[in-house]
Amino acid sequence: MEELTMQQIVAFCKNRGFVFPGSEIYGGFANTWDFGPLGVELKNNIKRAWWKTFVQEDASTYGVDAAILMNPRVWEASGHVQSFGDPKMDCKVCKQRFRADTLVENHSKNTVAAEAMTNEELEKYIDENNIKCPNCGNKDWTSIRKFNPMFTTSRQMIGDEKDVVYLRPETCQGEYINFMNVQRTMRAKVPFAIAQIGKSFRNEITPGNFLFRTVEFEQMELQKFCKEEDGMPTYDDYKKRALDFVKDVIGLDADKLRYHDHDKLAHYAKAACDIQFKFPIGWQELNGIHHRGVWDLSRHQEYSGKSMLYTDPFTNEKILPNIIEYSIGADRLFLATLCNAYKTEELENGETRVVLKLKPQLAPFKVAVLPLQKNLNEKATEVFASLQKEFNCDFDDSGSIGKRYRRHDEIGTPFCVTIDFDTLEDNSVTVRDRDTMEQVRIKIEDLKQYVMDKLN
Ligand code: ATP
């Protein structure tokens, strides 16, 4: 079978109402995407599944929904404001942007102290050593510029004065700064976690590849606060739980998933690992698990002047908890889920069908109600109304029944319910299974329970 390409997935998403290019009628707006009627259902189902697994089913995890706009001091404590000065240069040929000091470090195998070099020195070194673009191999650089990784906006103060405000580039700071609030109000004992799903904004150096890297995206992540001695076991635990989630709950194929442990760590980190997925563009990060030590709470303690110390209720000892972070992009997981589920199958009669083999719980529609002919619409509408309260359903009465089956195979609807003339006599319907294409006859009164049992 031919390998799926990113272009195929982009076209599929656009044609089937999953994802549209952002601001399309104005010629688009680079690296922004709008989720359509089916996309928003799939994405919501993914987020719900994540929240159920990591928050609802874990008594020691508490949810928050923090503000996107935060006190700018938060971004000083996190180190983001300082990195504004990073020296960046663009390859004029492939338009990719790189940190000049990283280019020098990599070329010199860390034998040159690039961090301490001025922009002029960096440019001279790159020129004299003939350092080429790691992406396309050309050597045609712009001069070095400062690049701001955070989007800024401003808040009007008195008169014409304005305060610079940042759109958060990561959601996790909302959990760190609420550590004490959550601990106190929920009477939480370490170890416990704070979780959040929300939007982040990044002025990415190299955005692209559809939803893989965008400038506005959603993160689903949690921060587990634990004692130092529990740090590594907790890290290992989340490595396993993160993999189990994408495999068992989302349904990604095991052979398209792998761990990627980091060799190079941030100076404060004790361990870091990604789970990679085999996207059409190759193996790429799907999520990250990081052992961050006491870095985040200590920085907020320092910058806010507020104590972040937790008092152990048994020993009365005051500690700054270690943090294990687990973070996954909802949009990136959405993309992986679609790429994994999209299949082209040869049928016995020689025809082919596209079928989206989503886990039924994730499918945008759970049931499609299909009257065989328009004069069966009244009965079909009754059936539709009875199911609609329980499941997201579609009513489809246009085209041949075969075409309607194909249409729903393609968008992943697990069950098609056909109303035919016998339905008027025996109050039964035909239920067709998306994957096996088998059909069974079910009494209308048993239909809801039948679908529910199958979904569970
Ligand atoms: P990458 O190395 O791909 O840039 P990262 O290490 O910067 O990712 P984190 O900051 O750890 O990523 O963010 C956690 C998760 O958020 C990532 O694993 C990814 O799923 C998602 N994510 C990060 N940046 C983007 C983006 N620009 N667009 C879409 N999803 C993203």
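Start at 1 and go down the list; that is how both ligands and their atoms are numbered.
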Trainee: Among all the protein's non-hydrogen atoms, which is closest to atom 27 (N) of ligand 1, and how far away is it?
Mentor: Glu204 OE2, 2.7 Å
Trainee: Looking only at distances, can you tell me whether any N or O atom of Leu286, backbone or side chain, sits closer than 3.5 Å to an N or O atom of ligand 1?
Mentor: yes
Trainee: Would you please indicate yes or no on a ring centroid separation below 6.0 angstrom for Phe12 and Tyr342?
Mentor: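 When the ring centroids of Tyr342 and Phe12 are compared, they turn out to be within the sub-6.0 Å range.
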Trainee: Begin with the C-alpha distance, continue with both residues' side-chain angles, and end with the deciding distance and a verdict on salt bridge (charged side-chain N to carboxylate O under 4.0 Å, His left out) for Asp90 and Arg145.
Mentor: CA-CA 9 Å; Asp90 292 3; Arg145 287 173 299 190; 3.0 Å; yes
Trainee: Return the residue, atom name and 0.1 Å-rounded distance of the protein heavy atom closest to atom 30 (N) of ligand 1.
Mentor: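 For this ligand atom, the closest protein heavy atom is Phe217 CD1, 3.5 Å.
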Trainee: Name the option, out of Glu218, Glu325, Glu285, Met220, that contains the heavy atom nearest to atom 5 (P) of ligand 1.
Mentor: Glu285
Trainee: Is the distance between the ring centroids of Phe334 and Phe35 under 6.0 Å?
Mentor: yes
Trainee: Are Trp33 and Phe210 close enough that their ring centres sit under 6.0 Å apart?
Mentor: yes
Trainee: Classify the angle between the aromatic ring planes of Tyr326 and Phe54 as parallel (below 30°), tilted (30 to 60°) or perpendicular (above 60°).
Mentor: tilted
Trainee: List every atom of ligand 1 that sits less than 4.0 Å from any heavy atom of Phe212, numbering the atoms from 1 in the order shown and giving each element.
Mentor: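 Answer for ligand 1: 28 (N), 29 (C), 30 (N).
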Trainee: Of the protein's non-hydrogen atoms, which lies at the shortest distance from atom 28 (N) of ligand 1, and what is that distance?
Mentor: Thr214 N, 3.0 Å
Trainee: Give the residue and atom name of whichever protein heavy atom lies nearest to atom 16 (O) of ligand 1, and the separation in Å to one decimal.
Mentor: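 Looking at atom 16 (O) of ligand 1, the protein heavy atom closest to it is Gln219 NE2, 3.4 Å.
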Trainee: Of all the atoms in ligand 1, which lie at a distance below 4.0 Å from a heavy atom belonging to Gly329?
Mentor: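 The list of qualifying atoms is 15 (C), 16 (O), 19 (C), 20 (O), 21 (C).
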Trainee: What class does the angle between the rings of His267 and Trp295 fall in, given that below 30° is parallel, 30 to 60° is tilted and above 60° is perpendicular?
Mentor: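 His267 and Trp295: perpendicular rings.
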Trainee: Determine the interplanar angle of the Phe212 and Phe279 rings, folded into 0 to 90°, and report it as parallel if under 30°, tilted if 30 to 60°, perpendicular if over 60°.
Mentor: perpendicular
Trainee: Measure the distance from atom 14 (C) of ligand 1 to every protein heavy atom, then report the residue, atom name and distance (to 0.1 Å) of the closest one.
Mentor: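 Checked against all protein heavy atoms, atom 14 (C) of ligand 1 sits closest to Ser327 OG, 3.1 Å.
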Trainee: In terms of ring plane angle, is the pair Phe179 and Phe192 parallel, tilted or perpendicular, where the classes change at 30° and 60°?
Mentor: parallel
Trainee: For ligand 1, which atoms sit closer than 4.0 Å to a heavy atom of Arg213?
Mentor: 1 (P), 3 (O), 4 (O), 26 (C), 27 (N), 28 (N)
Trainee: Within a distance under 4.0 Å of any heavy atom of Asn287, pick out the atoms of ligand 1 and give their elements.
Mentor: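 By the 4.0 Å cutoff, the relevant atoms are 18 (O).
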Trainee: Pick whichever of Glu216, His290, Arg202 has a heavy atom sitting closest to atom 9 (P) of ligand 1.
Mentor: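 Minimum heavy-atom distance to atom 9 (P) of ligand 1 goes to Arg202.
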